4 protein chains.
Amino acid sequence: MSLREKKIAKKKEEILRSAATVLAEKGYHGTTMEEVAANLLMTKGSMYYYFKNKDDLLYQCHQMIMELSLEKIEQVANSELNPIEKLRNAVKSHVLLATSEKSMFMMMDKPDQHFTGEHLEDALGQRRDYAHFFDKILKEGIEKNVFDENIDIRMVRFIILGALNWILQWYSEDGPQTSEEIAQAFATHLLKMVLK
Amino acid sequence: MSLREKKIAKKKEEILRSAATVLAEKGYHGTTMEEVAANLLMTKGSMYYYFKNKDDLLYQCHQMIMELSLEKIEQVANSELNPIEKLRNAVKSHVLLATSEKSMFMMMDKPDQHFTGEHLEDALGQRRDYAHFFDKILKEGIEKNVFDENIDIRMVRFIILGALNWILQWYSEDGPQTSEEIAQAFATHLLKMVLK
Amino acid sequence: MSLREKKIAKKKEEILRSAATVLAEKGYHGTTMEEVAANLLMTKGSMYYYFKNKDDLLYQCHQMIMELSLEKIEQVANSELNPIEKLRNAVKSHVLLATSEKSMFMMMDKPDQHFTGEHLEDALGQRRDYAHFFDKILKEGIEKNVFDENIDIRMVRFIILGALNWILQWYSEDGPQTSEEIAQAFATHLLKMVLK
Amino acid sequence: MSLREKKIAKKKEEILRSAATVLAEKGYHGTTMEEVAANLLMTKGSMYYYFKNKDDLLYQCHQMIMELSLEKIEQVANSELNPIEKLRNAVKSHVLLATSEKSMFMMMDKPDQHFTGEHLEDALGQRRDYAHFFDKILKEGIEKNVFDENIDIRMVRFIILGALNWILQWYSEDGPQTSEEIAQAFATHLLKMVLK
DNA sequence: GATGAATGAGGTTTCATTCAT
DNA sequence: AATGAATGAAACCTCATTCAT
């Protein structure tokens, strides 16, 4: 990657982060290009140098955070840990990522309300991929006889993902618990649900 | 309530239900008054006879569903059942309500993105009330020694509410499980998390 | 047609005429919705009540004038006159229409620069239809032995249409000749070209 | 002219030709500097080294083609040919030039839509000059008793110019007639209009 | 000479809202 | 009680133009 390309990439990320912040606060339709730009002391027009249109901006926002998340969970799922540790790590890692990058995660909700066509396909695909890693861990846990064989994998996965995504709705840096503590608590309680 | 008032109330509810459907699908800013009206074979203008403005419409939508939910959970929490049954029933009742009135529940997300001022206060208050009922059940369970005394009530409540609210993101009438089965599965798994 | 529909139709035509005036002066891209509206003491926004978008406005403008023209020439071509009179009348009628509705005719140029897809098809089709009537008259003249059998119908038609359409570029109400006189002169000279 | 100046002049002409092509296809307002530049594998910004602004570009485009045309017709009008041959040659030469440089001629329409102030004066002046040469030929023909003394010179000139300029609207390299044949046909038919 | 980046004015379009009827 | 018509603010987006490098 040339120097110039690096510079562009950096600027793009800057914009994406700004966008994510505003998007998280106001939602897709509630966010204006003006605001995203103002956030960066840029002008509306300049942003169109980097992104084709608002949809594109949103999509790439989604991409960025999705790639981050997928990378993390893939790493955990493919590690040499036992299923218990895998699940614990997956949960913790999601909590830590979500709380530290709250604004970016915020916009992962309701893809079908924001995306259409190919973008929607992509977004849903990535979401499925993410979910799949949890299924994999759960299945492995059952096979290895450390998780309760009666659990309904699909339901458990929905419960875990729901709990994790809900964090954005209530988490605040000034809350009574640090994100570490939350991660710990979530891991503990969710594990209790699946252990024998 | 006079006959006329009844008629108005009925019409209002009709509009609210239509609005909820569209709002659920497209989100607040993505929904136009036109669409809501068209859905009812009405005209945009007419709706202003019943609602002061779009915000008001959204707010009353929110109210309607919140009242329904609060009523249900209050009933359960104040019943004579033991904590286990209370929690089971609270979960089940939420699942059944959410799946049957999906469109109405859909819009309960992110109140701070939609409401301001007094309306926001109200909405957050109701949400807190709802959450409080779960806390109450959990506390009672611990006191009565049927729930694990080590659980972190706040965290558990967040997990439960997260799992419940997330249902809207994946539930489909044509899915592999009926809402009854889902309710059952959720109750079972979530209970496992809190039992001794 | 109901009263209301009539009113709408009238308003639409009002707008179309205003649009035609501005379009004639500034060309398609040079014309703004603002100007068209201002011309009628309307607001930009109001025009979208009557027309889907700018393209739609332009297209219907084109339609209006094309229908007028086609009607006129069809009438002449299908009359009982001899070919000489037919050609004379067709020319005269075009001159009179073009000079009296200069602004509307002005925009018939370069349809492929303004229209796309189906609209382009339509516009080109109508243009072909119009041209066809001239061919028909010319052919009839040759068959009836009143026009020179050596003329190249296609070329002659192009010459006539070119001369007629060019009028818009130079005609002015304050010019030295009335539109009647121009019509007369055009008819005379163009006829001379085709007579035996 | 220094070598450097020559290089610049060459580049300028390159740009003008590219611009003419795009302008012909999309019209003034429909053409973006971006497109013109892209056509030459240049960047938008670079073009401002050669041209002050878009208007300037258009104007110089117009100039280039106008000079070409004027040169041709002046040559014909001032030749030693008899009026008949002069008119025939003027017509033919215009046809051949217009068909071979279609894109450049295309933009000669409606100067008052594109130019203002001094540029408009200039453009109209050149147009008048061009027209004048036809008048001169026609007058000479009448004086020398080879053209019908009853023709209305102004009208005939308008007919001829209209027919000639219209060619751009229908001519295509793949059409049934070569440009030579068209030139021939136009000369023949238009002459017939003015001969005794 | 050339260009990448930024800008801002201006255009099109949408939509909540109003109001006379 | 309903609605057709109008409005204007605000959104998205384009593009000629500039300028540092």
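Residue numbering restarts at 1 for every chain, and letters A, B, ... go by the order of the sequence lines. As the structure is a computational prediction, the values presented were derived from the model and not from experiment. Both backbone and side-chain heavy atoms feed into the values below; hydrogens, waters and symmetry mates do not.
Distance A/Tyr49 OH to E/dT7 C1': 13 Å, rounded to the nearest Å. Separating the CD atom of C/Glu5 from the C1' atom of F/dG4 is a distance of 13 Å, rounded to the nearest angstrom. Summarising the geometry, the separation between CG on B/Leu57 and C1' on E/dT17 is reported as 14 Å, rounded to the nearest angstrom. C/Glu34 has its CD atom 10 Å from the C1' atom of E/dG10, to the nearest Å. When rounded to the nearest whole Å, the span between CE of D/Met47 and C1' of E/dA2 equals 13 Å. As a whole-Å value, the separation of A/Lys7 NZ from F/dA20 C1' is 10 Å. Remark: P of F/dC15 and OH of D/Tyr48 are 12 Å apart, rounded to the nearest angstrom. Nucleotide F/dA5 holds its P atom 13 Å from the CZ atom of C/Phe51, rounded to whole Å.
Each of E/dT12, F/dG4, F/dA16 was ranked by its minimum atom distance to the side chain of C/Lys54; first place goes to E/dT12. Residue A/Lys44 has its side chain nearest to F/dC12 when only F/dA5, F/dA2, F/dC12 are considered. Checking E/dA5, F/dA5, F/dG8 against every side-chain atom of A/Arg4, the shortest atom distance belongs to E/dA5. The side chain of B/Thr32 lies closest to E/dC15, out of E/dT12, F/dC12, E/dC15.
B/Ile8 comes within contact range of the sugar-phosphate backbone alone, with a heavy-atom separation under 4.0 Å but no base atom that close. Across all strands shown, C/Ser46 has heavy atoms under 4.0 Å from base atoms, whether or not it also approaches the sugar-phosphate.
With hydrogens and angles ignored, the 3.5 Å screen pairs a side-chain donor or acceptor of B/Ser18 with a backbone N or O of B/Val36. A donor-acceptor pair is defined here as one N or O able to donate and one able to accept, closer than 3.5 Å; such a pair exists between the side chain of C/Lys54 and the backbone of C/Thr31. A donor-acceptor contact shorter than 3.5 Å links the side chain of D/Gln113 to the backbone of C/Ala24.
Nearest-nucleotide positions on DNA chain F place B/Leu41 closer to the 5' end than the other of B/Leu41 and A/Tyr28. The 5' end of DNA chain F is approached more closely, in terms of each residue's nearest nucleotide, by B/Lys11 than by the other of C/Tyr50 and B/Lys11. For the pair D/Gly45 and C/Met33, both in contact range of DNA chain E, the more 5′-proximal nearest nucleotide belongs to D/Gly45.
The aromatic rings of C/His119 and C/Tyr59 sit parallel, their planes meeting at an angle under 30°, below the 60° perpendicular limit.
For F/dC13, the paired base is E/dG10 (Watson-Crick or G-U wobble, both distances below 3.5 Å). The partner of E/dT21 is F/dA2, judged by Watson-Crick or G-U wobble contacts that both fall below 3.5 Å.
Salt bridge status for D/Glu13 with D/Arg17: present, with a side-chain N to carboxylate O gap under 4.0 Å.
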